[in-house]
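The chain is numbered in sequence order, starting from 1. Quick note: numbers below take in every heavy atom, side chains included, and nothing from hydrogens, waters or symmetry partners.
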Amino acid sequence: MIHCFKKVLLYFGVGALVSALMLFAGGCTEVNDKLGGDIVPPGQQMEVEFASFDSGMQTYLTLTDSIATSGLDYAYFGNISEEGLGSTRASALVQFDYATRSDTIYYANRGSVADSMMLVCMMKTLGGDTLKEQSFDVYRLRERLRRDTVYYNGLEYRRIIDQKPMFRFTYSGKPHGGDTYDTLRLEVADEKLAKEFMDELWGVDTLLYETDSLFFEKFNGLCITPSESSPKDAAIYGLNLQWDNSYGPSSYLIFFGHDYLLESPDEVEDQIMRAFQITNSTTYAEQAAVTAVEHDYSTTTFEGMINLNPQPTEKLQHPMTECYVQGLFGVTTTIEFEEEFLTKLRALKPEGKDIFISQAMLYVGMADEDYTLFDVAPNRLGSYLHYASLTPVADYNFYMEESYGSTLSYGGYLNRSHYNYSMDISIYIQQLLLDQEGVDPRITLGMGAYDFLDIANVKLSGAGGRVPVRLELAYTILGK
């Protein structure tokens, strides 16, 4: 190239310099890519091609109420409302177990009585309007939660609690957060039930403290749920269930009472405190906890369009041009690759040859181009073969990403410039092409695997929508 440029200076005037540069630049960079092609065996010859699909796909609104919520670090309770998506109610079911007591010494001629209870816990705000004051009911569980059993977000908890709450408390604002405790003072809601519970717990045989299993059989646990009078557009809070090696449990049920001389029952002698730990730790007790979530879509435009708990062999109903992805176990968007799509995909393969999918990018746009929607939109969407079990497509191997800190080519992140999400699902499309067993022509777009508890939502443009779902393919034809 340097020699070519020198020749231009020698034989042409300055006025013709630009034209000469264009002429010689083209000549100097011409490549004969056919050189040696006749000696490459046909089986080793490859061609790169591109294809685009924006038809043969349908989008549906789906909802799953069988996602495991036991074994989490928090148990959630509260009410929220999201514009266009109705309201969500969360209820926390937790066990408690003996932690400490201050009346281990027996005094003759004395009796004791229970006075009050409260929850002392480290909490966090999941989201919503924390300025709204909520009233929460505390029920007694009438069925034991078992550590070796998986419980789901759709747990029908009302069948295992009393008909009336024992206690009630109010709360608003943001929790202190970090390692600072919040105090939730329990007020009696039903005198008979509260007295029965407090008397049983106060007078329990201390032998029960030595065996967690016996204790849980007698005291199954508590359910914390928003009262019916609470506003539906408030906030959802998380009760910390974690165990800290330095500080112990993050949440307690604290029980207060006093003792008195038998001859003077009206005179308080000493204050007594008993603490019961609420945790998911198995260090000292096999405790269990679960969050039950209820979504009310009665005020939405799509209530009758939702496919509840769809099975792989079940035909989906009500294709939609606009769908949603919602956090906290809410609605999801399922894309069905129909026979039309599969036929076109297989037609890419020339007779007698194979093709390898180099890249398959799925583009799903937001239904509206409004930057204010970024505030509530999920930062990332995951693609799942089975959402209930959070089984991802092969490209979205979030286990490897989390365990090894690797970066997946899958992507799935919100593109704020183009108002869309793009997902590299090359392996999945290759599996569809090969018709691999166990790979259904249907994927569900939901919250990221570690974000599904977030309060977030996005309205997506589905098949036939403002910006149709699109798949861009780059593939290599392998000669034989």
Side-chain angles (χ1 to χ4, degrees), residues 26 28-59 312 333-365 380-386 391-401 404-415 417-418 420-445 463 467-480:
C28 293
T29 57
E30 184 178 351
V31 177
N32 181 6
D33 55 6
K34 302 296 183 182
L35 184 63
D38 55 342
I39 63 173
V40 178
Q44 296 180 19
Q45 294 179 9
M46 296 181 291
E47 300 174 44
V48 176
E49 299 286 350
F50 301 88
S52 179
F53 297 83
D54 59 7
S55 63
M57 296 171 281
Q58 284 288 8
T59 45
T333 295
T334 294
I335 300 175
E336 180 92 43
F337 296 95
E338 298 182 311
E339 192 59 39
E340 175 192 345
F341 172 89
L342 298 175
T343 299
K344 290 180 179 179
L345 179 65
R346 292 164 186 152
L348 298 177
K349 177 182 174 182
E351 186 176 353
K353 296 187 178 183
D354 289 324
I355 66 173
F356 173 77
I357 304 297
S358 305
Q359 188 178 63
M361 294 299 300
L362 180 67
Y363 295 94
V364 182
R380 189 186 201 187
L381 297 183
S383 297
Y384 303 89
L385 288 174
H386 306 290
T391 302
V393 297
D395 306 87
Y396 181 45
N397 189 344
F398 58 84
Y399 299 103
M400 183 178 73
E401 187 176 56
Y404 300 102
S406 57
T407 300
L408 300 177
S409 61
Y410 166 78
Y413 296 100
L414 172 62
N415 186 318
S417 298
H418 296 141
N420 69 8
Y421 293 86
S422 58
M423 290 140 281
D424 186 335
I425 54 172
S426 306
I427 301 175
Y428 171 74
I429 296 299
Q430 184 76 53
Q431 291 172 331
L432 279 187
L433 181 66
L434 298 175
D435 195 19
Q436 286 192 2
E437 185 178 354
V439 179
D440 300 316
R442 177 189 297 177
I443 62 173
T444 296
L445 302 182
V467 183
V469 174
R470 187 174 89 258
L471 185 74
E472 299 286 350
L473 284 185
Y475 60 97
T476 303
I477 299 177
L478 307 176
K480 286 187 177 180

- Note on the structure: Looking only at heavy atoms, the pair that brings Q431 and A394 closest together is NE2-CB, 4.1 Å
- Drop me the distance from I429's CD1 to Q359's CD, to the nearest 0.5 angstrom. 12.0 Å
- Item | Nearest heavy-atom neighbours spanning R380 and G411 | NE-O, 2.8 Å
- Item | Side-chain heavy atoms of E336 within contact of M57, under 4.5 Å | no
- Query: Taking 4.0 angstrom as the limit, do K353 and E49 come out as a salt bridge?
  - Reply: no
- Task: Can you measure from CG (L471) to CE (M423) and round to the nearest 0.5 angstrom?
- Result: 10.0 Å
- Query: Any sub-3.5 Å donor-acceptor pair from T59's side-chain atoms to A463's backbone N or O?
  - Reply: yes
- Query: Backbone N or O of S426 within a donor-acceptor pair of the D424 side chain at under 3.5 Å?
  - Reply: yes
- Minimum heavy-atom distance between E401 and Y413, given as atom pair plus value: OE2-OH, 4.5 Å
- Query: What heavy-atom pair brings P392 and F398 nearest, and what distance separates the two atoms?
  - Reply: CG-CE2, 3.6 Å
- Hits for side chain to side chain contact (heavy atoms under 4.5 Å, CB included) against E339, two or more places apart or cross-chain, chain-then-number order -> L342, T343, R346
- If only atom types and distance count, is the side chain of N415 paired as donor or acceptor with the main-chain N or O of S417 below 3.5 Å? yes
- Near-ring test F341/F53, centroid separation under 6.0 angstrom: yes
- Message: Just to verify, what does S383 make a side chain to side chain donor-acceptor pair (under 3.5 Å) with, not counting sequence neighbours?
- Response: Y410
- Assign the ring pair Y384 / Y396 to parallel, tilted or perpendicular, where the plane angle (0 to 90°) is split at 30° and 60°. perpendicular
- Message: I'd like to know if the side chain of D395 and the backbone of I427 have a donor-acceptor N/O pair within less than 3.5 Å.
- Response: yes
- Task: Report yes if the side chains of F337 and Y428 come closer than 4.5 Å at any heavy-atom pair, otherwise no.
- Result: yes
- Item | Identified side-chain contact (heavy atoms from CB on, under 4.5 Å) counterpart of V469 within the set L445, T333, N420, L362 | L362
- Per the side-chain contact (heavy atoms from CB on, under 4.5 Å) rule, which among I357, I355, L433, I477 passes with L348? I355
- Message: Are the side chains of Q436 and V439 in contact, using a 4.5 Å heavy-atom criterion?
- Response: yes
- Note on the structure: Rounded to the nearest 0.5 Å, the CG atom of L473 sits from the NZ atom of K344 at a distance of 12.5 Å
- Note on the structure: E472 meets the salt bridge (Lys or Arg N to Asp or Glu O under 4.0 Å) criterion, sequence neighbours left out, with R470
- Message: Working to the nearest 0.5 angstrom, can you tell me the gap between T334 OG1 and R442 CZ?
- Response: 7.0 Å
